[in-house]
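Order of the sequence lines sets the chain letters (A, B, ...), proteins ahead of strands, with each chain counted from 1. Treat the numbers as computed from the prediction; the structure is a model and nothing was measured.
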2 protein chains.
Amino acid sequence: MADRIMDHAQLLVQSVGYNGFSYADIAQELGIRKATIHYYYRTKSDLCASLLRRYRLRFRIKVESAMAELASPKERLMLYISFYQEALDDGRLCPCGVLTSELLTLSPDIQEEVRGFFDEQLDWIEAQLRAAASAGELRVTTPPRDLAASLLGMIEGGMLLAHARKNRRSLADAIAGTLSLIFS
Amino acid sequence: MADRIMDHAQLLVQSVGYNGFSYADIAQELGIRKATIHYYYRTKSDLCASLLRRYRLRFRIKVESAMAELASPKERLMLYISFYQEALDDGRLCPCGVLTSELLTLSPDIQEEVRGFFDEQLDWIEAQLRAAASAGELRVTTPPRDLAASLLGMIEGGMLLAHARKNRRSLADAIAGTLSLIFS
DNA sequence: GTCTATAAACTGATAGAC
DNA sequence: GTCTATCAGTTTATAGAC
């Protein structure tokens with residue numbers, strides 16, 4: 001039951017944000033009572049922090065397996081972007097992107113998880129860009145960290161735009177164009 | 001008083017989102033009672049929709065004056081981006097970017113204002129890119145609409161990243177690099 | 001216009017029976 | 001483990017006095 005609760009809580013965070021749902025929403029969906037949720041997660045804040053830790057862990061594993069399978073930085077980045085596109089196809093946003101909009105209302109634990117996720121993603125993207133630069137595959141001289149921030153921003157913002165405009169195609173297509181621009 | 005209420009409501013939307021504040025927050029800040037807010041704005045939904053209409057109008061005027069002053073599409077886009085950077089320097093996010101995260105919990109009026117804002121921005125950016133292409137100033141052949149979506153996504157996502165990482169520099173710097181990439 | 005008072009619903013959370 | 005019952009606090013919103 002703990003997993004089912006967390007699953008649905010994550011779906012809700014990715015759809016309407018932390019302040020956009022309540023324990024009653026989860027209880028109704030799972031056909032249980034609110035008190036049952038409190039048995040597994042003492043507070044809503046705990047539930048959200050736990051959910052973010054699991055999300056980050058799963059995402060990390062996904063990304064690591066992508067590194068193992070593909071050698072080319074550009075291919076890796078294309079696959080990386082497809083992870084976000086998958087969520088979008090499922091009607092979900094990036095939980096960390098969503099929570100950033102209401103970050104000031106959230107507990108320090110949650111804020112730290114969100115910030116940690118972004119830092120981790122920037123590190124990974126930067127590493128791919130540096131590898132590409134070493135291999136002479138980069139067409140530009142922009143500092144890798146800045147370029148990584150551009151790319152991650154484009155991904156997070158692209159998800160938001162696609163969600164608001166109900167146009168799920170726009171993310172992968174738009175970014176693929178920019179990626180081709182960067183790589184030779 | 002109507003203006004002061006809307007001013008603070010907008011600040012709150014840009015800081016913590018729609019579901020992140022209540023009438024009590026506004027009342028306390030302005031030293032008035034909650035009922036007074038209802039006198040000017042019947043519902044919270046009305047207040048938010050009104051606030052978005054004003055925001056869009058003001059933003060439109062800002063952008064139009066930018067078009068009048070500067071002839072070069074690249075310069076116009078740099079100035080355009082600085083409008084978002086200004087908000088960020090003031091600790092504010094883009095209200096439409098924020099509201100997108102909780103869009104499914106908001107009234108149809110608000111949803112329409114958010115979507116309208118993005119469409120309007122994409123139209124404007126696309127027009128600048130087409131003008132640049134006609135003048136032979138564009139280095140790429142990406143469809144202008146896709147490129148516009150990339151840029152707006154990068155702006156919206158860049159604001160989010162800067163907010164979460166408390167690094168307000170990253171927006172303008174990161175985007176300037178990509179802009180230089182696009183323009184010859 | 002702004003207030004007091006209040007309604008009705010919902011919030012996260014707890015105690016204790018089963 | 002899951003429930004019923006309940007709490008105290010908050011939410012948006014309204015009625016009516018001043």
Chemist: Between D:dA13, D:dT2, C:dG12, which nucleotide has the shortest distance from any of its atoms to the side chain of A:H38?
Modeler: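 So the side chain of A:H38 is nearest to C:dG12.
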
Chemist: Measure the distance from OH on B:Y23 to C1' on C:dT11 and round it to the nearest whole Å.
Modeler: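 Those two atoms, OH and C1', are 19 Å apart.
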
Chemist: Can you tell me how far C1' of C:dG1 sits from CD1 of B:I5, to the nearest Å?
Modeler: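 One finds 11 Å between C1' of C:dG1 and CD1 of B:I5, rounded.
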
Chemist: Over 60° means perpendicular and under 30° means parallel, so classify the ring planes of A:Y80 and A:W124, tilted if in between.
Modeler: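 It falls in the parallel class, under 30°.
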
Chemist: Which whole-number value in Å describes the distance from B:R42 CZ to C:dG1 P?
Modeler: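 In whole Å, C:dG1 P lies 19 Å from B:R42 CZ.
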
Chemist: Quick check for you: among D:dT2, C:dG12, C:dC3, whose closest atom lies nearest to any side-chain atom of B:I32?
Modeler: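 Nearest to the side-chain atoms of B:I32, counting from C-beta on, is C:dC3.
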
Chemist: Flag the pair B:D25 and B:K34 as a salt bridge only when some basic side-chain nitrogen lies within less than 4.0 angstrom of an acidic carboxylate oxygen.
Modeler: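 No, B:D25 and B:K34 are not salt-bridged.
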
Chemist: Under a 3.5 Å distance rule, please check whether A:E156 uses its side chain to pair with a backbone N or O of B:L160 as donor and acceptor.
Modeler: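 No; zero donor-acceptor contacts below 3.5 Å.
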
Chemist: Between A:E75 (side chain only) and A:L70 (backbone N and O only), is there a donor and an acceptor less than 3.5 Å apart?
Modeler: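 Judged by distance alone, no pair lies under 3.5 Å.
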
Chemist: Report yes if at least one side-chain N or O of A:Y41 is closer than 4.0 Å to OP1 or OP2 of C:dG12; otherwise report no.
Modeler: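 Looking at the OP1 and OP2 atoms of C:dG12, neither is under 4.0 Å from any side-chain N or O of A:Y41.
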
Chemist: Which residues in residues 106-113 of chain A have at least one heavy atom lying under 4.0 Å from any atom of DNA chain C?
Modeler: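 Hits under 4.0 Å, by residue number: none.
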
Chemist: Look at B:S22 and D:dT11 and indicate whether a side-chain polar atom (N or O) is within less than 4.0 Å of OP1 or OP2.
Modeler: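 Checking B:S22 against D:dT11: at least one side-chain N or O falls below 4.0 Å of OP1 or OP2.
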
Chemist: Take the protein atom CD of B:Q28 and the nucleotide atom C1' of D:dT10, then report the distance between them rounded to whole Å.
Modeler: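 Spelled out: CD on B:Q28 to C1' on D:dT10 is 14 Å.
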
Chemist: Whole angstroms only, please: what is the OH-C1' distance between B:Y18 and D:dT11?
Modeler: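 After rounding, the gap between these two atoms is 11 Å.
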
Chemist: Classify the nucleic acid contact of B:F21 as base, sugar-phosphate or nothing, counting any heavy atom under 4.0 Å across all strands shown.
Modeler: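 Since only primed, P, OP1 and OP2 atoms lie under 4.0 Å of B:F21, the category is sugar-phosphate.
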
Chemist: In terms of side-chain geometry, is the basic nitrogen of B:R60 or B:E64 positioned less than 4.0 Å from the acidic oxygen of its partner?
Modeler: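 Answer for the salt bridge query: no.
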
Chemist: Students often mix this up, so state it plainly: with edges at 30° and 60°, are the rings of B:F59 and B:F117 parallel, tilted or perpendicular?
Modeler: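 Perpendicular.
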
Chemist: Using a strict cut-off of less than 4.0 Å between a Lys/Arg side-chain nitrogen and an Asp/Glu carboxylate oxygen, indicate whether B:K74 and B:E137 qualify as a salt bridge.
Modeler: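 Here B:K74 does not pair with B:E137 in a salt bridge, since their nearest N and O are not under 4.0 Å apart.
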
Chemist: Quickly work out the A:K34 NZ to D:dT6 P distance and round it to whole Å.
Modeler: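 Atom NZ in A:K34 sits about 14 Å away from atom P in D:dT6.
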
Chemist: How close or far is atom C1' of D:dT2 from atom CE of A:M1, stated in whole angstroms?
Modeler: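 Rounding to the nearest Å, CE of A:M1 and C1' of D:dT2 are 9 Å apart.
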
Chemist: Check the distance between D:dT12's C1' and B:R33's CZ and give it to me in whole angstrom.
Modeler: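 Nearest whole value for this atom pair: 17 Å.
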
Chemist: I want to verify a distance call: between C:dC3, D:dT2, D:dT12, whose nearest atom is closest to the B:K44 side chain?
Modeler: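 Nearest to the side-chain atoms of B:K44, counting from C-beta on, is D:dT12.
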
Chemist: Counting only side-chain N and O atoms of A:T36, is one of them less than 4.0 Å from OP1 or OP2 of D:dC3?
Modeler: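 Affirmative; the distance criterion is met.
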
